[in-house]
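Encoded as structure tokens, the structure appears first; notes follow it.
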Amino acid sequence: MTKLLYIRLALFLPEIVWASLGTAWVVKGIQCDRTVVTGIIATVIVSWIIIAATVVTIVIVFDPLGGRMAPYSSASPGHLDSNDSSQFLNGLKTAATSVWETRMKFLCCCVGNDDHTRVAFSSTAELFSTYFSDTDLVPSDIAAGLALLHQQQDNISNSQDPHEVISHSPGHSQEADLDAELENCHHYMQFAAAAYGWPLYIYRNPFTGLCRIGGDCCRSRTTEYDLVGGDQLNCHFGSILQTTGLQYRDFIHVSFHDRVYELPFLVALDHRKESVVVAVRGTMSLQDILTDLSAESENLDLEIELQDCVAHKGISQAARYVYRRLINDGILSQAFSVAPEYRLVIVGHSLGAGAAALLAIMLRRSYPQVRAYAFSPPRGLLSKSLYEYSQDFIVSLVLGKDVIPRLSVANMEDLKKRILRVICQCNKPKYKILLHGCWYELFGGNPTNLPTELDGGSQGALSQPLLGEQSLLTQQSPSYSFSSDSPLDSCPKYPPLYPPGRIIHLEEEGATGRFGCCSAAQYRARWSHEAAFSKILIGPKMLTDHMPDILMKALASVVADRAACLSCPGQGGSGVDVV
């Protein structure tokens, strides 16, 4: 394989020369048959696309350290007792972090170079270098492992006895509380979606959206309303009005200023619920992604009597930015001067949900009646004590197998170990696994027909294990085991973190096709414990269930179904998980 790669690299240079000659020939406009010219232009364009994709792939995937980090990351202290060995390991860690930081800067070259951005690059690079330090994974290994995990997961789920799921019928007070909170979620989700501005509105209304907000895009209102930062401000404002159904005078502040650790948000008066609503936008830019990936923990100064006030660094920084804007700029004071009897409600989706939850915690001392609704929040957000503290005033909503409410550093480490375990026990060629996995994801099938030797036999008995070249499991270091501590497990920067508040889970009932496009999905709402989201579930809807438009449709369907069944309580169909 190494020789083939070197041969391919040697052929890469003539391809660049050939594509350059073709470009020069097209630019000169040499007269020739039109069909020939069109074919050559298409060939040149495709060649440059392939070359660019190859260069980007090399930058992202190529490891200049040659996998030398893996054998040392899991070595026991006895192997690194000498000063030279320790210095060598530290040098490898620094080099690995530098490699990842270079990759991040290359991929996010347009986000700027301020202090926050540099800190985010460093934090993200350290996370990735630590996560991959004890393995030598390539993208195809990860894809094969995910395909096997999904089939294994479905096989286990199908073999479970329905009576193994312990549940009980909720009391009247719990049922009424669930109905009330679902109705609140349905109402406030409109504000969380509005915070995304015109892109989400056009996405949800592809045929009529542009016509509805076109007039606002061309109208100038920047002097009349406090719009701060960003492009197409009036387009954003027009989509916000359409989504929320509010009037211009109901908005106190709308900001689309977007930088690393600084999120767009809006403040509005909701007369229907008699509340001052603060809606924080979720992930929509590279700056937001860097905020998401700053996953190390930091202490919060909250002036409350809790042992460990620890939270996700990037999201807490973003929440602190919104807090400063609301308090120091007098935005909340202005809102409550207009409606002093209203209560404060903070909402958000995805990254915005995490920021909204932390913002509610920060503001609770000044506004004891504050409530927060976090839609699809990240799991790795709060320490255990803050999670328990937030139960009184924060409600989270999770749809189906959404990956984000299950996403944390600890869960990603668990996913890595599960991937390594399942592909270590596999004896089929990788291409067969990938082809079978693609077919299973698209069309389904029988998950019991796994191309693995999971049941019976040891790894040594496999005829041709997928990891036959000792490439993934830290060069098969004697000290490595799937239950041993990984570099992330022992790193104090990444303690276990939890989702915010009480959790409402919208579970899908029945089969609706692989991507939910064949028929409308039916959902059942129930209170769930955070432990129900302690493992990442693999499936075709793990990403689509996170989309705000899908969540809005599912939430509207659940609220309508429950409202229709109020007269027939025996058919309510809701329950409370006992975990």
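- Paired with Arg502 under the rule side-chain contact (heavy atoms from CB on, under 4.5 Å), one option of Asp177, Leu178, Ile394 passes, and it is Asp177.
- Within the structure, salt bridge (Lys or Arg N to Asp or Glu O under 4.0 Å) contacts touching residues 378-387 (residues at least two apart or in different chains) are Arg379-Glu530, Lys384-Glu530.
- No hydrogens or angles considered: nothing links the side chains of His253 and Gln334 as a donor-acceptor pair under 3.5 Å.
- When side chains are defined from C-beta on, Val310 does not count as touching Leu386, because their heavy atoms never get closer than 4.5 Å.
- Applying the salt bridge (Lys or Arg N to Asp or Glu O under 4.0 Å) test to residues at least two apart or on different chains, none of the pairs has a partner in residues 339-362.
- By the side chain to side chain donor-acceptor pair (under 3.5 Å) test, Ser275 pairs with Tyr188, sequence neighbours left out.
- In this structure, Lys535 does not pair ionically with Asp414, as no charged nitrogen and carboxylate oxygen lie closer than 4.0 Å.
- Between Ile503 and Trp527 there is no side-chain heavy-atom pair separated by less than 4.5 Å.
- To the nearest 0.5 Å, atom CG of residue Leu407 and atom CG of residue Leu381 are 12.0 Å apart.
- Counting heavy atoms from C-beta on, the side chains of Leu359 and Phe265 never come closer than 4.5 Å.
- Residues Leu382 and Tyr389 have side chains not in contact (no heavy-atom distance under 4.5 Å, counting atoms from C-beta outward).
- Within the structure, side-chain hydrogen bond (donor to acceptor under 3.5 Å, both in side chains) contacts touching residues 354-368 (residues at least two apart or in different chains) are Glu303-Arg365.
- Residues Pro548 and Met189 meet the side-chain proximity criterion, which asks for heavy atoms closer than 4.5 Å.
- Glu262 has no carboxylate O lying under 4.0 Å from a charged side-chain N of Arg324, or vice versa, which leaves the two without a salt bridge.
- By the side chain to side chain donor-acceptor pair (under 3.5 Å) test, Asp549 is found to be paired with no residue, residues two or more places apart in sequence or in another chain being considered.
- Taking the side chain to side chain donor-acceptor pair (under 3.5 Å) definition, one finds that Tyr342 meets it with His271, sequence neighbours left out.
- Looking only at side-chain heavy atoms (C-beta outward), Phe533 and Asp402 stay at 4.5 Å or farther from each other.
- Atom CE of residue Met362 and atom CG of residue Leu302 lie 6.5 Å apart, to the nearest 0.5 angstrom.
- Counting only residues at least two apart or on different chains, the salt bridge (Lys or Arg N to Asp or Glu O under 4.0 Å) pairs with a member in residues 268-287 are Glu183-Arg272, Glu183-Lys273, Asp258-Arg281, Arg281-Asp288.
- Remark: Gln153 engages no residue in a side chain to side chain donor-acceptor pair (under 3.5 Å) (not counting sequence neighbours).
- Taken from CD1 in Ile404 to CE in Met542, the straight-line distance is 8.5 Å, to the nearest 0.5 Å.
- With contacts defined as side-chain heavy-atom distances shorter than 4.5 Å, the pair Ser294/Gln317 does not qualify.
- Every pair passing side-chain hydrogen bond (donor to acceptor under 3.5 Å, both in side chains) that includes a residue from residues 199-210 is listed here, sequence neighbours excluded: Tyr201-Arg212.
- Note that the OH atom of Tyr523 and the CD atom of Glu508 stand 4.5 Å from one another [nearest 0.5 Å].
- Side chains of His257 and Arg325: a donor-acceptor N/O pair is absent below 3.5 angstrom, by distance only.
- Pairs engaging residues 386-401 under the salt bridge (Lys or Arg N to Asp or Glu O under 4.0 Å) rule: none recorded [sequence neighbours left out].
- Note: His236 and Phe256 have parallel aromatic rings, judged against thresholds of 30 and 60 degrees for the angle between ring planes.
- A search for side-chain contact (heavy atoms from CB on, under 4.5 Å) contacts involving Ala279 returns Phe191, Ala195, Leu266, Val347, not counting sequence neighbours.
- Under the 4.5 Å side-chain criterion, counting only non-hydrogen atoms from C-beta, Val278 is in contact with Leu332.
- Looking at every heavy atom in both residues, Ile213 comes nearest to Cys235 through CD1-O, 4.1 Å.
- Applying the ring-ring contact (aromatic ring centres under 6.0 Å, His included) rule to Phe375 yields no partners; only residues at least two apart in sequence or on another chain are considered.
- Remark: Ile289 CD1 to Thr124 OG1 distance equals 10.0 Å, nearest 0.5 Å.
- Here the straight-line distance linking atom OH of Tyr498 with atom OG of Ser408 works out to 9.5 Å at 0.5 Å rounding.
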